[in-house]
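Only one structure is covered here, and it is reproduced in the block below.
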Amino acid sequence: MIQIRINDTPIGALEGSTILQAARQAGIHIPTLCFLEKRDPVGACRVCLVEVEGARTLLAACSTPCTDGMVVRVNSRRARLARRQVVELLLSEHDGNCQLCERNEDCELRKLASDMGIQTVTYGGTRAAAKRDESTPGLVRDNAKCIKCRRCVTVCSQVQGVGALFPQGRGFATVIGPAFAGDLDGVTCVQCGQCAAVCPVGAISEHSQTDAVWQALDDPAKTVIVQTAPAIRAALGEEFGYPPGTRVTGKMVTALRQMGFDAVFDTNFAADLTILEEGTELLTRLKRALVDKDPAAALPMFTSCSPGWINFAEYYYPNFLDHLSTCKSPQQMFGAVAKTYYAQKIGQKPEDLVVVSVMPCTAKKF
């Protein structure tokens, strides 16, 4: 442990920890944009600038290690004005279109501006060139909204191990995106959606099918049913102020029926089908291994429940493909069963039956 002072408060910090980590452990707030927990700091946004006694310039708290006896001032006039100017510069090139942005009430840049009392765009002029990439089923990219924080780059390369996004160009002309500033469908993107989950401003978002769902619900000739993943009934409650993990199954089903869905199903049913099919496939592989006297043949067997994982294996580990189950995911199995068995059971033509999936995974759209 080493001793530092932040805002005149003595703090014991682990040797090697950064100013930001020490401040957070002490309950002292330092704003950030590019920082991701448990990932290497990139110091790209400069929103976390603080004043350190003896330092010639302001330092980024996320990437500056603590030293014994360090004195840090988070809210000095110099640090406050610098952070405010950084946010003003980000706003000057950010084409937020806040009235229509899907991150309208959940935008970190907008919250930072509000916290800092920024009410006008101080710096006018050229903005980033707008390019909207809707080439993939799961994700939409909007370069005009990108603030180049690189969080998507970090999660794509360091967490997911995919590397579909990276910075290209220099200075104002920098573009965060696929190789050669192309579209996502031209690179090995597995559609996992983690980039959309960490983007602070909505530059990458889920490809919405909301309008298509309402269109189907409004069509009296269509029978519209919905399947909900187990995670959904536990995640929805948190959005409405319930403790994390609170199940709101009844409220969710009621809401779906009031929207106009003719039937509500649980993907758990199709997960049971998947278990039976994968279990049968595993037994078949084991019997084949015994007959051929080759225990290593196509064993072990991996589940095929996740489309994102299947994409990842196909791109990066093709030598594993023989070890993947040939079964569809539970969501896909339900779609097949609904269009065949269920459609026949209710006397409906498969083409007049619309199946909507409410899932926590953008790869399911792919």
Side-chain angles (χ1 to χ4, degrees), residues 1-92 94 96 98 101 103-122 145 147-155 158-159 197-203 238-239 241 243-244:
M1 298 292 289
I2 57 176
Q3 295 299 315
I4 66 172
R5 295 183 72 86
I6 302 180
N7 293 348
D8 293 326
T9 302
I11 295 170
L14 285 172
E15 189 173 2
S17 62
T18 63
I19 295 174
L20 180 62
Q21 290 170 331
R24 288 188 171 183
Q25 290 174 358
I28 298 173
H29 175 68
I30 299 177
T32 64
L33 264 181
C34 68
F35 179 74
L36 283 178
E37 287 284 353
K38 299 180 180 179
R39 296 295 117 194
D40 297 333
V42 294
C45 70
R46 319 308 283 181
V47 170
C48 64
L49 290 174
V50 295
E51 188 170 6
V52 176
E53 191 174 280
R56 183 175 57 87
T57 62
L58 297 175
L59 302 176
C62 69
S63 57
T64 303
C66 298
T67 57
D68 197 33
M70 175 183 278
V71 177
V72 181
R73 295 184 181 88
V74 174
N75 294 317
S76 68
R77 175 178 171 79
R78 186 184 177 199
R80 291 196 327 272
L81 292 180
R83 290 199 298 265
R84 180 188 174 102
Q85 190 171 42
V86 167
V87 173
E88 287 175 340
L89 287 168
L90 289 173
L91 288 168
S92 72
H94 170 65
C98 294
C101 180
R103 292 296 293 268
N104 187 355
E105 298 299 326
D106 189 31
C107 175
E108 293 182 37
L109 180 62
R110 183 175 176 177
K111 184 178 186 306
L112 275 175
S114 175
D115 291 346
M116 294 178 179
I118 300 172
Q119 297 179 341
T120 59
V121 178
T122 308
K145 294 181 181 180
I147 58 172
K148 304 174 181 63
C149 69
R150 293 166 170 75
R151 271 161 61 164
C152 59
V153 177
T154 300
V155 76
Q158 294 188 27
V159 178
V198 301
C199 179
V201 294
E238 188 174 352
E239 293 297 315

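Just so it is clear, the values below take in all heavy atoms, side chains as well, and ignore hydrogens, waters and symmetry mates. None of the values given here were measured: they were computed from a predicted structure.
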Item to check | side-chain contact (heavy atoms from CB on, under 4.5 Å) assessment of V153 paired with V42 | outcome: CA-CA 10 Å; V153 177; V42 294; over 6 Å; no
Is it the case that the side chain of [X] and the backbone of [Y] share a donor-acceptor pair, with hydrogens and angles ignored and the cut-off at 3.5 Å?
X: R84; Y: M116; value: yes
X: R103; Y: C199; value: yes
X: N7; Y: R73; value: no
X: R83; Y: L49; value: yes
X: R80; Y: N75; value: yes
X: S114; Y: R110; value: no
X: S92; Y: L89; value: yes

Item to check | Full working for side-chain contact (heavy atoms from CB on, under 4.5 Å) between V47 and L90 | outcome: CA-CA 10 Å; V47 170; L90 289 173; 4.2 Å; yes
Where [X] and [Y] come nearest, the two heavy atoms and their spacing:
X: A22; Y: C66; answer: CB-SG, 3.9 Å
X: K145; Y: V201; answer: O-CG2, 3.3 Å
X: A82; Y: L58; answer: CB-CD1, 3.3 Å
X: V86; Y: C45; answer: CG1-O, 3.1 Å
X: M70; Y: P65; answer: CE-O, 3.4 Å
X: F35; Y: R24; answer: CE2-NH1, 3.4 Å

Next on the checklist: Let's go through V72 and V52 carefully: what are the C-alpha distance in whole Å and the side-chain angles of both, what is the deciding distance for side-chain contact (heavy atoms from CB on, under 4.5 Å) to 0.1 Å, and is it a yes or a no?
Outcome noted: CA-CA 5 Å; V72 181; V52 176; 4.2 Å; yes
Checklist entry - Does some side-chain heavy atom of R150 sit less than 4.5 Å from a side-chain heavy atom of C34? => result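 Result no, sub-4.5 Å side-chain heavy-atom pair not found.
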Checklist entry - Going through the distances and angles, do I11 and I28 end up as a side-chain contact (heavy atoms from CB on, under 4.5 Å)? => result CA-CA 11 Å; I11 295 170; I28 298 173; 3.8 Å; yes
